[in-house]
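Structure, as structure tokens:
Just so we're on the same page: letters track the sequence lines, and every chain starts at 1.
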Number of protein chains: 2
Amino acid sequence: MELSERKLKILQAIISEYIKTAEPVGSRTLSKKEGFDYSPATIRNEMADLEEMGYLTHPHTSAGRVPSDKAYRLYVNELMERPQLSKDEKAIIANRLHETTVDFEKTIAHAASILSEITNLTSFAMTPKKTEDVIKYINLLSVDEETVVLMIVSESGKVSNKAVKMSVPYTEDSLELLSKTMTYNYKGKTVSQALTNNIIANFETDVVAMSGMAEDVMPNFMKTLEDMLNVNLYMEGLSNIFDIPEYSDVSKARSFIEMLSQKEEMTKKLIERDDGITVTIGDENEDSNLQDCSLITASYSVDGKLVGKIGVIGPTRMKYSKITSIIEYLTENLTDTFKLESGERTDDIDDKKGENEGVNNNE
Amino acid sequence: MELSERKLKILQAIISEYIKTAEPVGSRTLSKKEGFDYSPATIRNEMADLEEMGYLTHPHTSAGRVPSDKAYRLYVNELMERPQLSKDEKAIIANRLHETTVDFEKTIAHAASILSEITNLTSFAMTPKKTEDVIKYINLLSVDEETVVLMIVSESGKVSNKAVKMSVPYTEDSLELLSKTMTYNYKGKTVSQALTNNIIANFETDVVAMSGMAEDVMPNFMKTLEDMLNVNLYMEGLSNIFDIPEYSDVSKARSFIEMLSQKEEMTKKLIERDDGITVTIGDENEDSNLQDCSLITASYSVDGKLVGKIGVIGPTRMKYSKITSIIEYLTENLTDTFKLESGERTDDIDDKKGENEGVNNNE
DNA sequence: GTTAGCACTCGCTTAGTCAGAGTGCTAACT
DNA sequence: AGTTAGCACTCTGACTAAGCGAGTGCTAAC
């Protein structure tokens, strides 16, 4: 069977009605809608067809129709209009985003909370996976007789450090030599490369005098590299799920929160997702806990290379169009922020994509 | 009316029974308990007295008795026995605690998750408030032509850093001079002192050549100091509240999670609490959202000075005795970990408080 | 002072009823 | 042939009533 013009129209109406109300949509409700000149009976016939084709379901005989995941997929791919955000909305996002400190981690966390506030959903933001970050510079600094600080600067601008207790005496000169040697050996390598081949081992044998120092420093160096690979996941608006009728059931709410609390799991799932804006709907999600949810994620980049993710999670019945636009704008903004590292932002991001302004907020 | 021996015994029995089952305790149940040689009727009389005195309440006429907050307070202060943890339990905690990396923040977060796992409650852990942390050492390091790294080492061993984009050219020498000057000016000051009196301002006027550099560096210095003051709050086991019958009501669960999600609020509340083990029960909590809950917190210290908090939050009906012991042991362990900075722990913490082993797990 | 007995009170569960919403089908209409 | 009105049917959700069980409070006897 073909999806006629009218079927599409009806399907779209059902979806947006259901997104708004969370109630199964009946034929009478639809026929009363503006622009619908068909009687309930006609609509019922079309609905029956749509159901046969897998776009609608029936909670029970005497209930209205509910869109299936397949319907949402069609909606997202073809039916929905992507409203440009209004200037005001954009301004709100941009301002909120820059009200925070310049600290990277905080900005990411803040982005998550903005997203959750605007969408009224549960949101998350992930710091970039730094596997590909390149070591630029390694330094050892004397703090006191038995403490030095190991510092690793990477191309992305991230500086990691670690205090190291030295078990052997050291001199400023030997520290400097060790720093230089380490930099020489590791500079230009990615963090993950550096982790896999422990180059300094060779070095130790060469300069015996320094092997004691190296023994103190290297384990800490490795630990620090490992730390650099860690991805942080920020989550906001957990309690928003309680606003969603689907989760007024305690056991459902429970498993939702339980799932989200497992940060490692969640992080892994998010990393695996494609870059760019990605929408997965209901049973398209592999995780069984997620099959009642939809996930919208997008990626931002730092310095044009490292890629982090940000997104929302909510019921399949969510405002895909609006939320997609919001996330898109937010990630553009983030990427932009992390490009002009030093903080002097240009303020014309708003107009970046040409002027297609203030229109269809169809929700 | 006096609290006779028998009344106390009955009250204690009601409390521990109720803690275990979450069901109102009836007179028959009690009379069947081992060591209770009184008939239900006798017990009923005593119960009536206890209710009159404010230690018990009645959800409704035909229900059993439920302890009041006043009863829990009595229980915590006088009735409950504080079981020493068994060697096994201690070993589990200690091992779990040290299975993590040496990274400070991670250890704290990990402590929270251990606590939540063991107690099956929602737990939290707060990094220390560093207002009193003393600046030890400030350094500026050249990374490339336009980037330097600002590094602040504090007495507590914490190293903070920030990449600074320089708008003016600089030389290694001038960097070193600026580092030295800053160290000279700020060394020995606490972070909060340093924040309040911006000493370097004077310096700028003295050495004109450096004022450009200082202008780039100082705002970042201040930002970094502010960052150092930030307290992180880690929370674990949020979904554990769903195990608690009291929170099977969605709206209750909601307000619980909502409250906990407001990290700033929570942090403030926790900071305000007394150090040492502190138990607040039900309406003893000022916050109205917390009046159905009890809070047990304890403080750990870093290097004998900075103080952080860790604790659990749960229904007033919680296993005070066991949980208190667990938290006490955990904080001792944490404090100890952060004393022997370099990581070589002695393994005799278990025996620190003398041998009073393997007894009354009365729950 | 303690206990047995008994009437009484609630809350929870199950079954039963009823109104409302919505469907599916058939037959009539355009 | 597509559209519509009408009607029987189904299912849910809210409400009500009855019965059970747990537990109390009181009285009178031990």
Margin query: Below 4.0 angstrom, which residues in residues 22-33 of chain A have at least one non-hydrogen atom near DNA chain D?
Written below: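 Those residues whose heavy atoms fall under 4.0 Å from DNA chain D, taken from residues 22-33 of chain A, amount to none.
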Check: What parts of residues 55-63 of chain A reach DNA chain D, counting only heavy atoms under 4.0 Å away?
Finding: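 A:His60, A:Thr61, A:Ser62, in order of number.
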Check: From C:dG24, D:dA5, C:dA4, pick the nucleotide closest to the side chain of A:Ala48?
Finding: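 Given the options C:dG24, D:dA5, C:dA4, the side chain of A:Ala48 is closest to C:dG24.
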Note to self: Measuring from the side chain of A:Arg44 (C-beta onward, heavy atoms only), which nucleotide among C:dT23, D:dG25, D:dT4 has the closest atom?
What the structure shows: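 Among C:dT23, D:dG25, D:dT4, the one nearest the side chain of A:Arg44 is C:dT23.
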Checklist line | Pairing of B:Arg317 and B:Glu23 as salt bridge, 4.0 angstrom limit | finding: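 Here B:Arg317 does not pair with B:Glu23 in a salt bridge, since their nearest N and O are not under 4.0 Å apart.
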Next item on the list: May I ask you to decide whether A:Glu286 forms a salt bridge with A:Lys269, counting only side-chain N to carboxylate O separations under 4.0 Å?
Entry: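 A:Lys269 and A:Glu286: not salt-bridged.
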Whole angstrom value for the distance that separates [atom2] of [N] from [atom1] of [X]:
X: B:Leu50; N: D:dG25; atom1: CG; atom2: P; value: 12 Å
X: A:Glu17; N: C:dG22; atom1: CD; atom2: P; value: 11 Å
X: A:Asp37; N: D:dG2; atom1: CG; atom2: P; value: 19 Å
X: A:Glu5; N: D:dG2; atom1: CD; atom2: P; value: 17 Å
X: A:Arg6; N: D:dG2; atom1: CZ; atom2: P; value: 9 Å
X: A:Ile10; N: D:dG2; atom1: CD1; atom2: P; value: 15 Å
X: B:Ile43; N: D:dT24; atom1: CD1; atom2: P; value: 10 Å
X: B:Asn45; N: C:dT2; atom1: CG; atom2: C1'; value: 9 Å

Item checked: Cation-pi geometry met for B:Lys9 and B:Phe36 (6.0 Å, 45°) ->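 Output yes; distance and angle both within limits.
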Notebook entry, point to check: In a check of side-chain contact (heavy atoms from CB on, under 4.5 Å) between A:Ile323 and each of A:Thr119, A:Asn120, A:Leu115, A:Ile118, which one passes?
Noted result: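 With A:Ile323 as partner, side-chain contact (heavy atoms from CB on, under 4.5 Å) holds for just one option, A:Thr119.
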Next item on the list: Among A:Glu17, A:Glu46, A:Glu51, find the one that has a salt bridge (charged side-chain N to carboxylate O under 4.0 Å, His left out) with A:Arg65.
Entry: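 Going through A:Glu17, A:Glu46, A:Glu51 one by one, the salt bridge (charged side-chain N to carboxylate O under 4.0 Å, His left out) with A:Arg65 is satisfied by A:Glu51 alone.
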Item checked: Identified side-chain hydrogen bond (donor to acceptor under 3.5 Å, both in side chains) counterpart of B:Glu284 within the set B:Arg73, B:Lys70, B:Gln291 ->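 With B:Glu284 as partner, B:Arg73, B:Lys70, B:Gln291 yield a single side-chain hydrogen bond (donor to acceptor under 3.5 Å, both in side chains), made by B:Arg73.
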Note to self: Would A:Ile14 and A:Leu56 count as a side chain to side chain contact (heavy atoms under 4.5 Å, CB included) here? Give the steps.
What the structure shows: CA-CA 9 Å; A:Ile14 292 176; A:Leu56 295 177; 3.7 Å; yes
Under a 3.5 Å cut-off for both distances, is [N] Watson-Crick or wobble paired, and to whom?
N: D:dA29; result: C:dT2
N: C:dT9; result: D:dA22
N: D:dT12; result: C:dA19

Item checked: Check: B:Arg273 main-chain N/O paired with B:Lys309 side-chain donor or acceptor under 3.5 Å ->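 At least one qualifying donor-acceptor pair exists.
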Margin query: Using side chain to side chain contact (heavy atoms under 4.5 Å, CB included), reason through A:Arg6 and A:Tyr38 one step at a time and then give a plain yes or no.
Written below: CA-CA 10 Å; A:Arg6 193 168 71 183; A:Tyr38 309 99; 3.2 Å; yes
Next item on the list: Could you tell me whether the phosphate oxygens of D:dA22, OP1 or OP2, come under 4.0 Å of any side-chain nitrogen or oxygen in B:Arg65?
Entry: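 No, outside the criterion.
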